[in-house]
Participant: 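The structure's right below; bear with me while I get my questions together.
Numbers restart at 1 for each chain; the letters A, B, ... are given by sequence-line order, proteins then strands.
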Amino acid sequence: MAAPVKVRFAPSPTGFLHIGSARTALFNWLFARHEGGTFCLRIEDTDKERSKQEFLEEILSSLKWLGLDWDGELVFQSKRTEKYRAVADGLIAKGLAYPEDQAIRFRVPKTGKVGFDDLLHGRIEFDLEQHVSLAEDLVIFKSDGSPTYNFAVVCDDAEMGITHVIRGDDHINNTPKQIPLYAALGLTPPVFCHIPLILGEDRSRMSKRHGATSIREYLEAGFLPEALVNYLSLLGWSPGNNEEILPLEEIVRRFDLKRVLKTGAVFGRDKLEWVNGQYVRKLPVPELTGRLLPFLEKRGYAEASKDREWLERVVKLFQERIFMLSQFPDLAQFFFDEKIGYNQEALEEFRKDPRLKGAFTAYAAALEALEAFDVKTVEEKSRAFMKEQGMTGKEFIHPCRVALTGRTISPGFFDVVSLLGKKRAAERLRSAASQI
RNA sequence: GGCCCCAUCGUCUAGUGGCCUAGGACACUACCCUCUCACGGUAGGGACAGGGGUUCGACUCCCCUUGGGGCUACCA
């Protein structure tokens, strides 16, 4: 029996949760859940200047939003200074480290090779005589009394019993600094697995200039967390059978660290949007409606949720027309707002047909005469009305669509009429008639 | 500059020596469906960076070149 897996995600609370970090967290989480192991969080807040409480809260809420739950208590490096100090003192006592200008330096080996077996890359070796950054003794305690990253990481990973260190491959060059530390401490290093970074369109590490990088921005843009997680899991990994839209449980079940690619993947917004659209379409309407509520509120359409049944019918009309939640208030605006702003070009076009003005008015009356106002009835009566008027569907429906919605595009016309209701539909038709 | 990593369609990827005249998805184009839009459906263009080996046989293994990226802090 192999030892139970224990991994960690170790963010620094110096900024929002970056999409790249989130992917690293996700792969750690997927690996832990797949193996039935433990996924913990360690807050690397040794940089007192840049670490902020608000960033910590932001990171935690982003992880929760993504559904990446962690095990056990948070470990704060800032609260463990004593421990690091004790370890450093031990090193000094053994002559393996020494104070210098208030700082403590660890004597690193200057000749030979340092290497490790990476789970993904296989053997990676460094020739100490050529690796300039390894030539100087490693500072493990700064002169301000706080431990350095490479030192704290080793102490913590060892003490927490981390079995697999899964991190971005930008850390490959840190590994040869950490290995000698494990040796000096008499510890066996964990298994290292360096996964590729997420890239921007120009193939350089994804950063703000490539667009949205914080998880919060994706939440606000109207992405579904399960869609973002699905998409992220496909960056550098695939189940191997051409399947792409997979429920989280299935991703967990099939996730295999060894199948992760070594190549950096470009973050493609287009495909993310497509994946999100797939999830939007799969959501039961009541559920989708609930998720749209915050976006409606933000636009001042909170009133709309009072008639939940009606709102759900509206949502259903747009379920296949949006791929991001944030699109809904815009596309369905004419359902929530009486000010509909006519598409002027279209209006101009309709003025060329002398029949329209009268048809709008007559249609308004025809609708008002209806007893039932369900979609089926509306469609039947409307088609009969068109026939009476001697107008084709195209001649009549397009102008009416603009009269009712202000726009040239909308969900099915009869659905719109029915959901707008008798009163509002008639009002808008008359209003339009007066304007052409 | 030095060190390290990487290399299949524009992008995400399948592929682990013959199943590949390289499969899927996004995007793009055309057509179908149709009251517009979207969804859906069908079709199409589009890749193994280059050069050497190894082998009966290389997208798959090795080497070189080229290209890209990362790291080079008393930041994490």
Participant: Apply side-chain hydrogen bond (donor to acceptor under 3.5 Å, both in side chains) to residues A:D137 and A:Y98 and explain how you reach the verdict.
Facilitator: CA-CA 10 Å; A:D137 285 337; A:Y98 58 91; 2.6 Å; yes
Participant: For A:L331, which contact category applies under a 4.0 Å heavy-atom criterion: base, sugar-phosphate, or nothing?
Facilitator: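 No contact.
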Participant: Please tell me if A:Q319 has a side-chain N or O lying less than 4.0 Å from either OP1 or OP2 of B:rG40.
Facilitator: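 No, outside the criterion.
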Participant: Classify A:R281 by what it touches in the nucleic acid, base, sugar-phosphate, or nothing, heavy-atom distance under 4.0 Å.
Facilitator: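 If one applies the 4.0 Å heavy-atom cut-off, A:R281 turns out to touch the sugar-phosphate alone, with no base involved.
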Participant: Near RNA chain B, which residues from residues 243-254 of chain A have a heavy atom under 4.0 Å away?
Facilitator: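 Only A:E244 qualify.
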Participant: Would you indicate which nucleotide in B:rA14, B:rC39, B:rA76 comes nearest to any side-chain atom of A:E320?
Facilitator: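 Nearest to the side chain of A:E320 among the choices is B:rC39.
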Participant: Less than 4.5 Å apart, side chain to side chain, heavy atoms only: is that true for A:D374 and A:V378?
Facilitator: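 Heavy-atom side-chain distance check fails, nothing below 4.5 Å.
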Participant: Heavy atoms from C-beta onward define the side chain here; which of B:rA76, B:rC5, B:rU11 lies closest to that of A:D169?
Facilitator: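 Closest nucleotide to the A:D169 side chain: B:rC5.
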Participant: Mapping A:I397 and A:Q130 to their closest nucleotides on RNA chain B, which lands nearer the 5' end?
Facilitator: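 First, find each residue's nearest nucleotide; the 5'-ward one identifies A:Q130.
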Participant: Can you tell me how far P in B:rG17 sits from the matching atom in B:rC62, rounded to whole Å?
Facilitator: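 Approximately 12 Å lies between the P atom of B:rG17 and that of B:rC62.
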Participant: Describe the nucleic acid contact of A:H121 in one word from base, sugar-phosphate, nothing, applying a heavy-atom distance below 4.0 Å.
Facilitator: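 It contacts sugar-phosphate atoms only.
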Participant: More 5' along RNA chain B: A:L120 or A:G264, using each one's nearest nucleotide?
Facilitator: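 So the residue in question is A:L120.
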Participant: Counting side-chain heavy atoms from CB outward, which of B:rC74, B:rA14, B:rC12 is closest to A:R105?
Facilitator: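 Of the candidates, B:rC74 comes closest.
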Participant: Do the rings of A:F385 and A:F396 sit parallel, tilted or perpendicular, given the 30° and 60° boundaries?
Facilitator: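 A:F385 and A:F396: tilted rings.
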Participant: Angle between ring planes, A:F336 versus A:F328, binned at 30° and 60°: parallel, tilted or perpendicular?
Facilitator: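 Rings of A:F336 and A:F328: perpendicular, as their planes differ by over 60°.
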Participant: For the side chain of A:T263, counting heavy atoms from C-beta on, which of B:rU8, B:rC39, B:rC35 is nearest?
Facilitator: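 Within the option list, the nearest is B:rU8.
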Participant: Taking any heavy-atom pair under 4.0 Å as a contact, classify A:P411: base, sugar-phosphate, or nothing.
Facilitator: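 The answer is base, as A:P411 lies within the cut-off (heavy atoms under 4.0 Å) of a base atom.
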Participant: Under 3.5 Å, is there a donor-acceptor pair linking the side chains of A:E243 and A:N241?
Facilitator: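 Indeed, the side chains of A:E243 and A:N241 share at least one donor-acceptor pair under 3.5 Å.
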Participant: Can you see if the side chain of A:K394 gets near the phosphate of B:rU36 - specifically, an N or O under 4.0 Å from OP1 or OP2?
Facilitator: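 Yes, A:K394 has a side-chain N/O under 4.0 Å of OP1/OP2 on B:rU36.
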Participant: Please state the C1' separation for the pair B:rC56 and B:rG50 - nearest whole angstrom.
Facilitator: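 B:rC56 and B:rG50 have their C1' atoms separated by 25 Å.
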Participant: Do A:R355 and A:Q389 have side chains that get closer than 4.5 Å, going by heavy atoms?
Facilitator: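 No, too far: nothing below the 4.5 Å cut-off.
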Participant: Does any nucleotide pair with B:rG46 by Watson-Crick or G-U wobble geometry, both distances under 3.5 Å, and what is it?
Facilitator: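 Answer to the pairing question: none, since B:rG46 forms no Watson-Crick or G-U pair.
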Participant: Quick one: label A:G277 by what it contacts on the DNA or RNA (base, sugar-phosphate, nothing), any heavy atom closer than 4.0 Å.
Facilitator: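 Result for A:G277 = nothing.
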Participant: For A:F126, which contact category applies under a 4.0 Å heavy-atom criterion: base, sugar-phosphate, or nothing?
Facilitator: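 Result for A:F126 = sugar-phosphate.
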Participant: How would you label the contact of A:R167 with the nucleic acid (heavy atoms, under 4.0 Å): base, sugar-phosphate, or nothing?
Facilitator: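 Result for A:R167 = nothing.
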Participant: Measuring from A:H398:NE2 to A:D353:CG, what's the distance to the nearest 0.5 Å?
Facilitator: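 Result: 13.0 Å between the selected atoms.
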Participant: Any base atoms under 4.0 Å from A:T46, or only sugar-phosphate, or nothing? Heavy atoms, all strands.
Facilitator: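 Contact class for A:T46: sugar-phosphate only.
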Participant: Would you call A:F151 and A:I104 a side-chain contact if the rule is heavy atoms closer than 4.5 Å?
Facilitator: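 No; the side chains remain at least 4.5 Å from each other.
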Participant: With respect to the side chain of A:D101, which nucleotide from B:rG70, B:rC74, B:rG15 is positioned closest?
Facilitator: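 Taking heavy atoms from C-beta onward, the closest nucleotide is B:rC74.
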Participant: Base of B:rC74, side chain of A:T148 - is there a donor-acceptor contact under 3.5 Å?
Facilitator: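 Answer is no: no donor-acceptor pair is held.
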Participant: For B:rC5 versus B:rC63, give the span between their P atoms, rounded off to a whole number of Å.
Facilitator: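 About 12 Å, rounded to a whole number of Å.
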Participant: What heavy-atom pair brings A:I59 and A:S12 nearest, and what distance separates the two atoms?
Facilitator: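 Closest approach of A:I59 to A:S12, heavy atoms only: CD1-O, 3.8 Å.
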Participant: Kindly say whether, by distance alone, the side chain of A:N242 makes a donor-acceptor pair under 3.5 Å with the base of B:rG23?
Facilitator: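 Pair found.
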Participant: In terms of side-chain heavy atoms of A:R321, which of B:rA38, B:rA76, B:rU13 is nearest?
Facilitator: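 Of the candidates, B:rA38 comes closest.
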Participant: Is there a side-chain contact between A:W310 and A:F335, using heavy atoms and a 4.5 Å cut-off?
Facilitator: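 Yes, their side chains come closer than 4.5 Å.
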Participant: Give me the distance, rounded to whole Å, that separates B:rA14 from B:rA49 when you measure between the P atoms they each carry.
Facilitator: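 Here B:rA14 and B:rA49 have their P atoms 15 Å from each other.
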Participant: When you check the side-chain N and O atoms of A:N276 and A:Y231, is any donor under 3.5 Å from an acceptor?
Facilitator: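 Absent: no donor and acceptor within the cut-off.
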Participant: In whole angstrom, give me the gap between the P atoms of B:rU60 and B:rC32.
Facilitator: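 B:rU60 and B:rC32 have their P atoms separated by 43 Å.
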Participant: Which protein N or O atoms sit under 3.5 Å from an N or O of nucleotides 63-68 of chain B?
Facilitator:
none

Participant: I want to verify a distance call: between B:rC5, B:rU13, B:rA76, whose nearest atom is closest to the A:E44 side chain?
Facilitator: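 Of B:rC5, B:rU13, B:rA76, B:rA76 is nearest to the side chain of A:E44.
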Participant: Which nucleotide sits closest to the side chain of A:N173: B:rG40, B:rC6, B:rG70?
Facilitator: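 Selected nucleotide: B:rG70.
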Participant: Nearest to the A:I172 side chain among B:rC4, B:rC74, B:rC3, which nucleotide is it?
Facilitator: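 Nucleotide nearest to A:I172's side chain: B:rC4.
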Participant: With heavy atoms under 4.0 Å as the rule, sort A:E136 into base, sugar-phosphate or nothing.
Facilitator: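 No contact at all - A:E136 keeps every heavy atom at 4.0 Å or more from the nucleic acid.
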Participant: How are the rings of A:F223 and A:Y218 set relative to one another: parallel (under 30°), tilted (30 to 60°) or perpendicular (over 60°)?
Facilitator: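 A:F223 vs A:Y218 ring planes: tilted.
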Participant: With P as the reference atom in both, quote the distance from B:rC33 to B:rU21 in angstrom, rounded to an integer.
Facilitator: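 Approximately 37 Å lies between the P atom of B:rC33 and that of B:rU21.
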Participant: Suppose we define a pair by two distances each less than 3.5 Å, Watson-Crick or G-U wobble; what does B:rU16 pair with here?
Facilitator: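 Base partner found: none.
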Participant: Please name the nucleotide paired to B:rA7 by Watson-Crick or G-U wobble geometry with both distances under 3.5 Å, or report none.
Facilitator: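 Per the H-bond distance test, B:rU66.
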Participant: Heavy atoms under 4.0 Å, any strand shown: does A:L261 hit a base, just sugar-phosphate, or nothing?
Facilitator: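 It contacts sugar-phosphate atoms only.
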Participant: Counting distance alone, no hydrogens or angles: does the base of B:rA76 have a donor or acceptor under 3.5 Å from a partner atom on the side chain of A:N174?
Facilitator: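 Flag set: donor-acceptor pair detected.
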Participant: Answer yes or no: is there a side-chain heavy-atom contact under 4.5 Å between A:K282 and A:I245?
Facilitator: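 A side-chain contact exists here, since the closest heavy-atom pair is under 4.5 Å.
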Participant: When you compare B:rG45 with B:rA25, how far apart are their P atoms, in angstrom units rounded to a whole number?
Facilitator: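 Those two atoms are separated by 15 Å.
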Participant: Taking any heavy-atom pair under 4.0 Å as a contact, classify A:S238: base, sugar-phosphate, or nothing.
Facilitator: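 The residue A:S238 makes sugar-phosphate contact but no base contact.
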Participant: Heavy atoms from C-beta onward define the side chain here; which of B:rU36, B:rA27, B:rG40 lies closest to that of A:D270?
Facilitator: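 So the side chain of A:D270 is nearest to B:rA27.
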Participant: If you measure only the distance, is there a donor-acceptor pair under 3.5 Å linking the side chains of A:T148 and A:N150?
Facilitator: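 Checked: A:T148/A:N150 side chains show no N/O donor-acceptor pair below 3.5 Å.
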Participant: Sticking with atom C1', work out how far B:rU8 lies from B:rC48, rounded to a whole angstrom.
Facilitator: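 One C1' to the other, the span is 4 Å.
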Participant: Counting any heavy atom closer than 4.0 Å, what does A:A265 reach on the DNA or RNA strands: base, sugar-phosphate only, or nothing?
Facilitator: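 The residue A:A265 makes sugar-phosphate contact but no base contact.
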Participant: Is there a side-chain contact between A:K262 and the phosphate of B:rC6, meaning an N or O under 4.0 Å from OP1 or OP2?
Facilitator: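 For A:K262, the contact criterion (side-chain N or O under 4.0 Å from OP1 or OP2 of B:rC6) is met.
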